[in-house]
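These numbers come from the heavy atoms of this one structure, side chains and all, not from hydrogens, waters or symmetry mates.
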Amino acid sequence: MYRRASKADIDEILKIPNLNKSKDELERYLSKGYQYLYVYEKENNSIVGASFFGADDIDDDDYDSEVYGIYTRNVKDKDIINAEILFDTKKELFNLGYRNLIIWCDEKNEKKKKYLQSSGGIESRKRENNGKIEVAYTYDLVDLSDMTKDI
């Protein structure tokens, strides 16, 4: 199940490896109207993934939203869960009124680049960020409400 996170979820979210966010940062995501934190739960109500997205620091007039990160615990079917989270995040952004999405990734991360391409992302530009080259993948968001996940 994919849903908006609550304060009660923060301790579980902090257990996700490589998250690199503090409790205060997570609480700020929950209180802002233009940044969002959603979680992905398994059947036993354990949080196995989180998606951070929003529109507060978009410098580009061509894109009105950005996925800042998708993080998943080291669980079976991690790649499938990541794909489901991205699908649900695109769907939620559309429902919130956003129409264009940008996601940045390290130019050397071939696995993530392939994943973003396979999910419909178009490589559109590059930038330098903290000494690393990043590649942007862009999406025109569409209504996914009737589409099933092809994962």
Check your understanding: Is the number of heavy atoms from other residues, nucleotides or ligands within 6.0 Å of CG (N129) greater than 12?
Key -> yes

Study note, to complete from the structure: Contacts of K111 meeting salt bridge (Lys or Arg N to Asp or Glu O under 4.0 Å) (sequence neighbours excluded), chain-then-number -> D79

Check your understanding: Rounded to the nearest 0.5 Å, how far apart are OH of Y71 and NZ of K21?
Key -> 4.5 Å

Point to revise | Connected via hydrophobic side-chain network under 4.5 Å: L96 and L101 | key: yes

Revision key, fill the gap. Separation between CD1 (I85) and CZ (F53), nearest 0.5 Å, reads 11.0 Å

Review point. Applying the 4.5 Å side-chain criterion to the ILVMFWY set and letting contacts propagate, would L14 and I16 be lumped into a single cluster?
Key: yes

Review point. Just wondering, are more than 12 heavy atoms of other shown residues or ligands nearer than 6.0 Å to CG in N44?
Key: yes

**Study point:** Distance in Å, L19 CG paired with L26 CG, rounded so as to fall on 0.5 Å steps
**Key:** 6.0 Å

**Study point:** Path from L116 to I133 over hydrophobic side-chain contacts below 4.5 Å
**Key:** no

Point to revise | Y36-E92 side chain donor-acceptor pair, cut-off 3.5 Å | key: no

Exercise for review: Provide the full list of ring pair (Phe, Tyr, Trp, His ring centres under 6.0 Å) pairs with a residue in residues 9-32, sequence neighbours left out, each pair given once.
Suggested key: Y29-F52

Review point. Does NZ or CZ of R99 lie under 6.0 Å from the centre of the six-membered ring of F94, at an angle within 45° of the ring axis?
Key: yes

Review point. Is the backbone of N100 close enough, under 3.5 Å, to the side chain of S65 for a donor and an acceptor to pair up by distance?
Key: yes

**Study point:** Heavy-atom side-chain proximity of D88 to Y38 below 4.5 angstrom
**Key:** no

Review point. For K7, which residues count as a side-chain hydrogen bond (donor to acceptor under 3.5 Å, both in side chains) partner, sequence neighbours excluded?
Key: none

Point to revise | Donor-acceptor pair between Y139 and S119 side chains, under 3.5 angstrom | key: yes

Review point. Do D11 and K23 touch side chain to side chain, with heavy atoms closer than 4.5 Å?
Key: yes

Review point. Hey, do the aromatic rings of Y2 and F87 have their centres closer than 6.0 Å?
Key: no

**Study point:** N/O donor-acceptor pair under 3.5 Å between K113 side chain and K108 backbone
**Key:** no

Exercise for review: Please determine if D9 and R3 form a salt bridge, counting it only when a charged side-chain N lies under 4.0 Å from a carboxylate O.
Suggested key: yes

Review point. Under 3.5 Å, is there a donor-acceptor pair between the side chain of Y115 and the main chain of N82?
Key: yes

Review point. R127: what forms a salt bridge (Lys or Arg N to Asp or Glu O under 4.0 Å) with it, not counting sequence neighbours?
Key: E134

Check your understanding: When rounded to the nearest 0.5 angstrom, what distance separates OH in Y137 from CD1 in I103?
Key -> 10.5 Å

Practice item. Evaluate the side-chain contact (heavy atoms from CB on, under 4.5 Å) criterion for residues E12 and R73: first the C-alpha distance (whole Å), next the side-chain angles of each, then the deciding distance (0.1 Å), finally the verdict. Key: CA-CA 10 Å; E12 281 296 307; R73 286 188 179 185; 3.0 Å; yes

Practice item. With rounding to the nearest 0.5 Å, note down the distance linking SG in C105 to CD in E110. Key: 8.5 Å

Exercise for review: Would you mind reporting whether Q117 and E123 have side-chain heavy atoms less than 4.5 Å apart?
Suggested key: yes

Exercise for review: Quick one: pull up OG in S6 and CD1 in I13 and give me the separation to the nearest 0.5 Å.
Suggested key: 7.5 Å

Point to revise | Side chain to side chain, L30 and I10, heavy atoms closer than 4.5 Å | key: yes

Check your understanding: According to a 4.5 Å side-chain heavy-atom criterion applied to Ile, Leu, Val, Met, Phe, Trp and Tyr, with indirect links allowed, do L141 and I122 form part of one hydrophobic cluster?
Key -> no

Revision key, fill the gap. Taken in chain and number order and not counting sequence neighbours, the residues that satisfy salt bridge (Lys or Arg N to Asp or Glu O under 4.0 Å) with K112 are none

Practice item. Using the side-chain contact (heavy atoms from CB on, under 4.5 Å) rule, take K15 and I47 through it: C-alpha gap first, then chi angles, then the decisive distance, then the call. Key: CA-CA 9 Å; K15 294 177 183 177; I47 293 173; over 6 Å; no

**Study point:** Non-neighbouring partners of K78 that pass salt bridge (Lys or Arg N to Asp or Glu O under 4.0 Å), sequence neighbours left out
**Key:** none

